[in-house]
Chemist: 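Supplied in structure tokens, the structure appears directly below.
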Amino acid sequence: MLRPLASILVVLLLLAACGGGDEGGSDASTTSQATTSTSAVEADASTTTSADTTTTTPEPTTTTTASATTDGSTTTTEAAEPVTEADETDWLTIAAGVTIVGFEGENASASNGVRAIDGEPTQIGFSNDASEPVVYVFELPAPTTFTAFSIPDTRNSPGNTTFFGSVEVAGSNTGPEEGFEVLVSNDFVELDEGQEAAHFTPSTSTPVRWIRLTLSGALHVEHEPGKTVVRFTELIGQGAQDPVPMGDRFNGVWELAFLDNPDGSGDLTQLRQDGSRVSGCIGFAMVNGTVTGNVVRLNGIDTRNDRPSAYLFVVGDDGRLRGMESTNNGVFRARIGRVSPEGTTTPCSQSEPEPIACGSVVYVNFDVNSATIRPDSTQVLDDLYEDLGAQEATVVGHTSTEGDADHNQDLSERRAQAVVDELVARGMPADQISSEGRGETEPLVRESDEASRSINRRVEIACG
């Protein structure tokens, strides 16, 4: 039986092992306040997509491709180019709305599980020589048909570190504990110099909602028992995903703690949702943002010191708020919000969701390396059209930093214009709305993973 993480779904990214969060390395939230209660790319350069992708490197290299055959053996071939973010979306990232259901194994942990889908190929350390398998189950926001999986940097490391010896990826459309069919089952091979990733072709194209990742064995164990650290990087999955219904659970009050201390005291948090609009407060930070798919992206300012913050959250079936926070341009850290008792009040209890207006940051999803707007952004565009009314405005496009700067500049211009075209199609006079692009030149947060990149991919509404 898999150990559930907070009993139901968890979508959290723990980057503390990569250097902490705020500048200065503090583990305490800079937005923290006491809890009170009244009753106890860019090659893709996606300016706003929640699912735009990650790969091991933007440079073309030779890769090892492994696929399962009908007799269970492994077929390995050489490919001239790796899959890159310009080619396909990685649907297995937290920024794409993926959640972790549970984990199993002596060396398994929630933090390592979420780092396996953070969109960053940094190696994750497990201990005890991989003496037993490590299992994680992830839930996708909608049925997804995978055509390829890849795992970067599977090579052995010098000293007392090595990589897992084999991987099994299984999919289910039934539930998190049943109905799984093996999609890939292979031994890892140690990559030659210059190779960046092992690629795997699934044995079936059945749509799935749950992915089970099983890691076992080790490439090499040459030290006394218990002294070898076994590593993993991340699971990347390409294919096609059904449209994701817009999340509508961003109403409530939570106590938002850190994943490494989920039962500790947290920041009193309240969010209110109206259509795609969400606003409220997280500790001392006043926040607002928009929902695309099942993910809300929020930007905030601390009322005490004007420090900026950015957040990416989902709400699970158990009502818990789960996601990541970056404060003062620090790396993202994992957070989890317990539902507060009924009657809990916050500094923003009397506030209402703010309209999308001048100065707003707006998140719109686009197809990979394209200015085509995805269907899950329809409500955002409807709300933007309604809220702007007769106000003259400029839609300003921004990208993340992958790939060529000139390409990102062009893509930001085309995507901003695509938003303008949608507003005009809804009835806004063409002489009332204009567009421009800023490319990758004005990031909101420091980029270290797909969550941070997805925050930087945005449009802003400028007036006057």
Side-chain angles (χ1 to χ4, degrees), residues 4-16 21-22 27-40 50 94-95 97-102 110-111 113-114 118 139 141 247-273 277-291 293-300 302-303 309-327 330-349 351 353 451 455:
L5 188 55
S7 300
I8 314 283
L9 307 177
V10 175
V11 53
L12 296 167
L13 172 64
L14 185 61
L15 292 176
D22 298 342
D27 287 336
S29 170
T30 59
T31 61
S32 178
Q33 69 175 23
T35 300
T36 60
S37 174
T38 60
S39 62
S50 64
I94 293 172
V98 176
T99 60
I100 176 173
V101 176
S111 58
V114 295
D118 66 1
E139 181 172 357
D248 59 0
R249 297 174 174 172
F250 300 104
N251 282 293
V253 181
W254 298 267
E255 188 177 352
L256 192 64
F258 288 96
L259 177 61
D260 52 359
N261 187 22
D263 297 322
S265 61
D267 293 338
L268 195 61
T269 296
Q270 182 164 14
L271 299 179
R272 294 181 182 274
Q273 180 176 2
R277 316 167 190 88
V278 176
S279 59
C281 53
I282 299 174
F284 287 102
M286 304 303 293
V287 300
N288 62 79
T290 51
V291 180
N294 66 328
V295 178
V296 65
R297 290 171 179 78
L298 301 164
N299 294 279
D302 194 312
T303 57
S309 53
Y311 308 86
L312 187 154
F313 289 125
V314 302
V315 176
D317 288 343
D318 60 354
R320 290 195 174 199
L321 187 70
R322 317 169 192 280
M324 286 76 67
E325 169 201 287
S326 169
T327 300
V331 297
F332 275 85
R333 296 174 296 172
R335 307 207 70 175
I336 180 167
R338 305 183 296 273
V339 178
S340 295
E342 185 175 354
T344 300
T345 60
T346 74
C348 57
S349 291
S351 66
I455 290 290

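By convention here, the first residue in the shown sequence is residue 1.
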Chemist: Identify the heavy atoms of Gly247 and Val291 that sit nearest to each other, and give their distance.
Modeler: O-CG1, 3.8 Å
Chemist: Quick one: does Asp267's side chain have a donor or acceptor within less than 3.5 Å of a partner on Thr269's backbone?
Modeler: no
Chemist: Of the non-hydrogen atoms in Ser309 and Ala285, which two are nearest, and what is the gap between them?
Modeler: OG-CB, 3.9 Å
Chemist: Do Arg322 and Thr99 have side-chain heavy atoms sitting under 4.5 Å apart?
Modeler: no
Chemist: Indicate the atoms forming the closest heavy-atom contact of Pro347 with Cys281, along with that distance.
Modeler: CD-SG, 4.2 Å
Chemist: Within the distance-only criterion (no hydrogens, no angle test), does the side chain of Arg249 pair as donor or acceptor with the backbone N or O of Gly319 below 3.5 angstrom?
Modeler: no
Chemist: CZ of Arg338 to CG of Asp263: how many Å apart, nearest 0.5 Å?
Modeler: 6.5 Å
Chemist: Begin from the C-alpha positions of Trp254 and Val315 and carry the test side-chain contact (heavy atoms from CB on, under 4.5 Å) through to its verdict.
Modeler: CA-CA 11 Å; Trp254 298 267; Val315 176; 4.3 Å; yes
Chemist: Which residue in the set Leu298, Leu271, Asn299, Val296 passes side-chain contact (heavy atoms from CB on, under 4.5 Å) when paired with Tyr311?
Modeler: Leu298
Chemist: Give a yes or no on whether the backbone of Gly266 and the side-chain of Glu255 come within a donor-acceptor separation of less than 3.5 Å.
Modeler: yes
Chemist: With side-chain contact (heavy atoms from CB on, under 4.5 Å) as the test, would you mind laying out the steps for Met324 and Arg333 before giving the verdict?
Modeler: CA-CA 5 Å; Met324 286 76 67; Arg333 296 174 296 172; over 6 Å; no
Chemist: If you compare all heavy atoms of Pro353 against all heavy atoms of Gln273, which two are closest, and at what distance to 0.1 Å?
Modeler: CG-C, 3.9 Å
Chemist: Within the distance-only criterion (no hydrogens, no angle test), does the side chain of Thr303 pair as donor or acceptor with the backbone N or O of Phe284 below 3.5 angstrom?
Modeler: yes
Chemist: Could you walk me through whether Asn288 and Arg277 pass the side-chain contact (heavy atoms from CB on, under 4.5 Å) check?
Modeler: CA-CA 8 Å; Asn288 62 79; Arg277 316 167 190 88; over 6 Å; no
Chemist: Quick one: does Gln270's side chain have a donor or acceptor within less than 3.5 Å of a partner on Thr344's backbone?
Modeler: no
Chemist: Looking only at non-hydrogen atoms, find the nearest pair between Ser340 and Leu268 and report the distance.
Modeler: OG-CD1, 4.1 Å
Chemist: Could you please spell out the steps behind the side-chain contact (heavy atoms from CB on, under 4.5 Å) verdict for Val278 and Phe313?
Modeler: CA-CA 11 Å; Val278 176; Phe313 289 125; over 6 Å; no
Chemist: Donor-acceptor check, side chain of Arg272 to backbone of Ser349, threshold 3.5 angstrom: yes or no?
Modeler: yes
Chemist: Identify the two heavy atoms, one from Cys348 and one from Gly280, that lie closest to each other, and give their separation to 0.1 Å.
Modeler: SG-C, 3.6 Å
